[in-house]
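Working notes, beginning with the structure itself.
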Amino acid sequence: MNSILNTDKISVISEAESYCHSEGIEIALVHELPETTLEVISERSKALPTLYYVGVDLLRRRLKNGCFILKKGAAIHGHIFAHEHHVKGHSVFERSSLWVDRAYRNYNLGLLLMSKMTELYTDDFLISIAQTPKVHHYNELLGMTHVTLSEMSTVLVEELEKIGKLRDELSYRYYVNARFESEIRQLK
């Protein structure tokens, strides 16, 4: 993982895109998915300890904000959603429900999905609440900034608590994009 941080982000993502092309995997931004696919994703979130359970209704709402998928034929081999939170009249988008099929996990496809979503929300407030060191490294590689709760406005911390996103800072880290980082204390 540390070697990834020392590598040029563009080349790592380019290699992941090349891998997808060579394997016939399509990278697509979607705003609709079949109900059966949403049910599979929901059940997956219940079964995997690394994902928080997400019901079909919530996934349907998240789809409106966009979901990047890795698709080969009819099979989805990876996905990432954007969950919109409202904080005092501002939209804050959270990258969520990142998953890559075990058979494809050694090709930086999670980073590729995170990169696509990060680019999509460059001009918006984007946050990533992550537990695993690999995701922390990916966030840093993508230019997101680790922020502590003490660096956030009191209003934002209160809103995170209300929406159930206030996490233990020993186990979780908050990362924000450049737009969010520049205005994080002013978000009132």
Side-chain angles (χ1 to χ4, degrees), residues 4 8-45 48 50-87 90-130 132 134-135 137-145 163 165 175-181:
I4 291 174
D8 177 25
K9 169 186 88 167
I10 294 169
S11 65
V12 172
I13 292 170
S14 178
E15 287 173 18
E17 289 174 327
S18 294
Y19 175 78
C20 286
H21 181 72
S22 70
E23 292 294 314
I25 298 171
E26 175 189 359
I27 307 160
L29 173 62
V30 298
H31 292 89
E32 294 180 0
L33 286 170
E35 193 75 10
T36 53
T37 301
L38 294 177
E39 290 168 1
V40 167
I41 293 169
S42 177
E43 287 303 311
R44 179 182 299 134
S45 75
L48 292 173
T50 55
L51 292 176
Y52 282 96
Y53 173 70
V54 183
V56 172
D57 290 338
L58 184 54
L59 287 171
R60 209 177 291 115
R61 285 198 315 265
R62 288 179 179 180
L63 268 173
K64 293 176 186 175
N65 305 315
C67 170
F68 281 97
I69 59 170
L70 299 173
K71 184 177 179 183
K72 185 173 183 178
I76 293 178
H77 295 286
H79 53 70
I80 190 169
F81 289 78
H83 184 89
E84 184 178 14
H85 303 287
H86 297 280
V87 180
H90 300 277
S91 289
V92 175
F93 294 92
E94 175 191 0
R95 287 190 324 229
S96 61
S97 302
L98 172 64
W99 174 82
V100 175
D101 187 324
R102 185 171 304 281
Y104 297 100
R105 288 195 184 157
N106 293 321
Y107 304 98
N108 295 317
L109 301 185
L111 174 63
L112 175 61
L113 289 169
M114 289 172 64
S115 173
K116 294 287 188 185
M117 191 61 74
T118 302
E119 288 172 17
L120 183 65
Y121 285 99
T122 297
D123 296 329
D124 297 289
F125 295 134
L126 181 69
I127 191 167
S128 172
I129 304 169
T132 61
K134 187 173 190 174
V135 177
H137 290 301
Y138 282 177
N139 278 322
E140 292 166 11
L141 185 63
L142 294 172
M144 293 187 74
T145 303
I163 61 177
K165 294 294 180 175
Y175 286 88
V176 295
N177 66 350
R179 163 103 196 279
F180 202 169
E181 201 263 335

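None of these values were measured; they are calculated from a predicted model.
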task: Identify the two heavy atoms, one from N139 and one from A130, that lie closest to each other, and give their separation to 0.1 Å.
output: ND2-CB, 4.1 Å
- request: Tell me, yes or no, whether the heavy-atom count around K71 atom NZ, taken from other residues, nucleotides or ligands under 6.0 Å, exceeds 12.
  value: no
query: Looking at residues at least two apart in the chain, or sitting in another chain, which of them share a ring pair (Phe, Tyr, Trp, His ring centres under 6.0 Å) with F93?
result: Y121
query: Between T145 (side chain) and E181 (backbone), is there a donor-acceptor pair under 3.5 Å?
result: no
message: Centre-to-centre under 6.0 Å for Y19 and H21, is that the case here?
response: no
- request: Kindly indicate, with the supporting measurements, whether the criterion side chain to side chain contact (heavy atoms under 4.5 Å, CB included) is fulfilled by H79 and R44.
  value: CA-CA 12 Å; H79 53 70; R44 179 182 299 134; 2.8 Å; yes
field: Main-chain N/O of V12 paired with N108 side-chain donor or acceptor, under 3.5 Å
entry: no
task: Check the pair Y175 / E140 against side-chain hydrogen bond (donor to acceptor under 3.5 Å, both in side chains), numbers first and verdict last.
output: CA-CA 8 Å; Y175 286 88; E140 292 166 11; 3.0 Å; yes
- request: Spell out, as yes or no, whether a donor-acceptor pair under 3.5 Å connects the side chain of R62 to the backbone of F81.
  value: no
task: To the nearest 0.5 Å, tell me how far C67 SG sits from L33 CG.
output: 5.5 Å
- prompt: In chain order, what residues pass the salt bridge (Lys or Arg N to Asp or Glu O under 4.0 Å) check against E43, with sequence neighbours excluded?
  reply: K46
query: Between S11 and E15, does any side-chain donor sit less than 3.5 Å from a side-chain acceptor?
result: no
- prompt: Is there a side-chain contact between E94 and I129 (heavy atoms, below 4.5 Å)?
  reply: yes
message: Minimum heavy-atom separation for S45 and V54, please, with both atom names.
response: OG-N, 2.8 Å
- prompt: What are the two closest heavy atoms between T118 and M144, and how far apart are they?
  reply: OG1-SD, 4.2 Å
message: For residues 95-109, which residue pairs pass the salt bridge (charged side-chain N to carboxylate O under 4.0 Å, His left out) check, not counting sequence neighbours?
response: none
- prompt: What's the spacing between M114 CE and F68 CZ if we round to 0.5 Å?
  reply: 13.0 Å
message: Applying side chain to side chain donor-acceptor pair (under 3.5 Å), can you list everything that pairs with S14, at least two apart in sequence or on another chain?
response: none
message: Within the supplied structure, the quantity of interest is the number of heavy atoms (other residues, nucleotides, ligands) at a distance under 6.0 Å from E35 CD; does it exceed 12?
response: yes
From I13 atom CD1 to L113 atom CG, the distance as rounded to the nearest 0.5 Å: 10.5 Å
task: Provide the closest heavy-atom pair for S42 versus G55 in the form atom of the first, atom of the second, distance.
output: OG-CA, 3.7 Å
statement: Residues at least two apart in sequence or cross-chain that pass side chain to side chain donor-acceptor pair (under 3.5 Å) with K116, listed by chain then number, are E17
- request: Measure the acute angle between the ring planes of H83 and H85, then classify it against the limits of 30° and 60° as parallel, tilted or perpendicular.
  value: tilted
- prompt: Do E39 and V56 have side-chain heavy atoms sitting under 4.5 Å apart?
  reply: yes
- prompt: What distance do I69 atom CD1 and H77 atom NE2 have between them, rounded to the nearest 0.5 Å?
  reply: 10.5 Å
- prompt: Could you give the distance from OH (Y138) to OG (S128), rounded to the nearest 0.5 Å?
  reply: 13.0 Å
message: Do S91 and E84 pair up side chain to side chain, a donor and an acceptor below 3.5 Å, judged on atom types alone?
response: yes
field: Steps toward side chain to side chain contact (heavy atoms under 4.5 Å, CB included) verdict (C20, L112)
entry: CA-CA 10 Å; C20 286; L112 175 61; 4.0 Å; yes
field: CD1 on I41 to OG1 on T36, rounded to 0.5 Å
entry: 9.5 Å
message: So which atom in L142 and which in K9 form the shortest heavy-atom distance, rounded to 0.1 Å?
response: CD2-CD, 3.9 Å
message: Restricting to salt bridge (Lys or Arg N to Asp or Glu O under 4.0 Å), what partner residues turn up for D57, sequence neighbours left out?
response: R60
field: Heavy-atom donor-acceptor pair, K72 side chain to E26 backbone, under 3.5 Å
entry: no
